[in-house]
Amino acid sequence: MQHEIRLDAEVELAQEQAVFDLIRRCALEALEAENAPEGCAVEVLIVDSETIREMNAEYRNKDAVTDVLSFPLCEFYNSEPQEEMDIQREPDSGLLLLGNMVLNYDRACEQAAEFGHSPERECGFLTVHSVLHLLGYDHERSEEERVLQREHEEAILAGLALTREDQV
């Protein structure tokens with residue numbers, strides 16, 4: 001059973017299909033690289049700055065615009081399942097819903113300009129970063145965990161040819 005990335009946008013995107021394709025490719029690569037259980041699903045919603053600010057305030061008590069939010073629905077620790085995954089599969093599809101990713105694409109584009117790389121690289125990074133959070137990585141646990149998550153992110157992005165030097 002293959003993984004499924006479900007995408008929706010609440011904002012208008014100039015090149016919606018290209019953005020969706022990029023997010024799908026990056027999310028699938030992260031799931032494969034991390035040996036996620038067979039048949040996982042990730043729901044992705046692209047929103048504006050105000051919507052993500054409201055969500056950040058509501059769910060994280062941080063009243064600030066952010067670039068991406070991750071809402072895991074399964075218990076993992078650094079890609080290792082911490083609970084029985086098969087009982088959590090959707091009855092109709094048989095897919096395991098790992099969680100939800102909320103992406104502020106405008107902020108991703110702003111950050112790309114700030115960091116001097118392409119919007120594709122930044123969007124790819126945020127997608128991989130979020131999927132790793134859904135798989136139980138957490139850069140806020142400790143410095144060692146931050147380094148581990150970043151190493152995995154960079155390895156996955158290198159496999160996608162989305163390096164920091166990427167200029168499109």
Side-chain angles (χ1 to χ4, degrees), residues 3 5-14 16 19-20 22-31 33-34 36 40-83 85 88 96-157 160 162-164 166:
H3 301 303
I5 310 304
R6 303 168 181 163
L7 293 130
D8 193 19
E10 288 186 355
V11 295
E12 192 170 322
L13 300 168
E16 183 175 282
V19 172
F20 281 9
L22 173 69
I23 291 170
R24 182 174 288 112
R25 186 169 59 100
C26 293
L28 290 172
E29 183 72 19
L31 292 172
E34 293 297 319
C40 289
V42 175
E43 294 188 353
V44 179
L45 180 62
I46 301 172
V47 299
D48 61 17
S49 291
E50 182 58 25
T51 300
I52 208 163
R53 184 198 62 76
E54 290 170 0
M55 294 176 85
N56 204 18
E58 180 178 348
Y59 297 109
R60 299 182 66 227
N61 294 316
K62 295 183 179 185
D63 190 5
V65 173
T66 191
D67 46 19
V68 70
L69 293 171
S70 306
F71 299 100
L73 295 174
C74 298
E75 187 70 30
F76 282 85
Y77 183 82
N78 296 348
S79 289
E80 293 295 324
Q82 302 297 296
E83 60 185 323
M85 293 292 133
Q88 301 211 18
L96 174 65
L97 184 55
L98 286 182
N100 301 296
M101 173 182 140
V102 181
L103 176 72
N104 180 349
Y105 188 74
D106 289 338
R107 184 68 191 127
C109 291
E110 291 168 7
Q111 287 177 175
E114 291 170 17
F115 299 146
H117 53 247
S118 71
E120 292 81 3
R121 197 275 183 201
E122 187 64 15
C123 188
F125 168 78
L126 293 173
T127 299
V128 170
H129 182 82
S130 182
V131 170
L132 290 184
H133 274 306
L134 297 179
L135 292 171
Y137 287 86
D138 189 351
H139 54 87
E140 295 180 359
R141 276 194 294 255
S142 69
E143 177 61 16
E144 293 80 15
E145 296 282 337
R146 185 193 69 74
V147 169
L148 178 67
Q149 184 171 350
R150 183 53 49 93
E151 287 172 352
H152 284 248
E153 290 163 351
E154 293 300 331
I156 293 165
L157 290 166
L160 291 160
L162 291 173
T163 61
R164 289 182 190 264
D166 173 61

Could you measure the distance from the [atom1] atom of [X] to the [atom2] atom of [Y]? Nearest 0.5 Å is fine.
X	Y	atom1	atom2	value
Glu145	Tyr77	CD	OH	3.5 Å
Asp106	Ile46	CG	CD1	10.0 Å
Leu162	Glu29	CG	CD	10.0 Å
Glu58	Asn56	CD	CG	10.5 Å
Gln88	Leu98	CD	CG	10.0 Å

Where [X] and [Y] come nearest, the two heavy atoms and their spacing:
X	Y	answer
His3	Cys40	ND1-N, 3.0 Å
Arg141	Asn78	NH2-OD1, 3.0 Å
Cys26	Val128	O-CG2, 3.9 Å
Glu16	Ala9	OE1-CB, 4.0 Å
Ile5	Ala27	CD1-CB, 3.7 Å
Leu97	Cys74	O-SG, 3.6 Å

Just so I know, are the side chains of [X] and [Y] near enough to count as touching, which here means a heavy-atom distance under 4.5 Å?
X	Y	result
Glu10	Leu45	yes
Val44	Thr127	no
Phe76	Glu34	no
Val11	Tyr105	no
Thr51	Met55	yes
His152	Leu132	yes
Glu120	Leu160	no

Inspect the contact between Glu154 and Arg121 and indicate whether a charged nitrogen and a carboxylate oxygen are less than 4.0 angstrom apart.
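A salt bridge is present here (some side-chain N lies under 4.0 Å from a carboxylate O).
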Please determine whether a side-chain nitrogen of the Lys or Arg among Glu122 and Arg107 lies less than 4.0 Å from a carboxylate oxygen of the Asp or Glu.
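So Glu122 does not pair with Arg107 through a salt bridge.
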Hey, what's the ring geometry for Phe71 with Tyr59, parallel, tilted or perpendicular (30° and 60° as the breaks)?
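Perpendicular: the ring planes of Phe71 and Tyr59 meet at over 60°.
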Should the ring pair His133 and His129 be called parallel, tilted or perpendicular, given that the plane angle runs from 0 to 90° and is split at 30 and 60?
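Perpendicular.
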Looking just at side-chain N and O atoms, do Glu153 and Gln149 make a donor-acceptor pair shorter than 3.5 Å?
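Note: Glu153 and Gln149 side chains meet the donor-acceptor criterion.
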Sequence-distant partners of Ala155, side chain to side chain contact (heavy atoms under 4.5 Å, CB included), two or more places apart:
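None.
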List the steps, then state whether side-chain contact (heavy atoms from CB on, under 4.5 Å) holds for Ile23 with Leu126.
CA-CA 9 Å; Ile23 291 170; Leu126 293 173; over 6 Å; no
Test side-chain contact (heavy atoms from CB on, under 4.5 Å) applied to Val131 and Ile156, step by step:
CA-CA 11 Å; Val131 170; Ile156 293 165; over 6 Å; no
Whether over 12 other heavy atoms sit under 6.0 Å from Gln82 CD:
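Above 12, so yes.
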Please list every donor-acceptor pair under 3.5 Å in which a side-chain atom of residues 62-70 meets a protein atom from a residue at least two apart or in another chain.
from  : atom 1 : to     : atom 2 : distance (Å)
Asp63 : OD1    : Arg53  : NH1    : 2.3
Asp67 : OD2    : Gln111 : NE2    : 3.0
Ser70 : OG     : Ser130 : OG     : 2.7

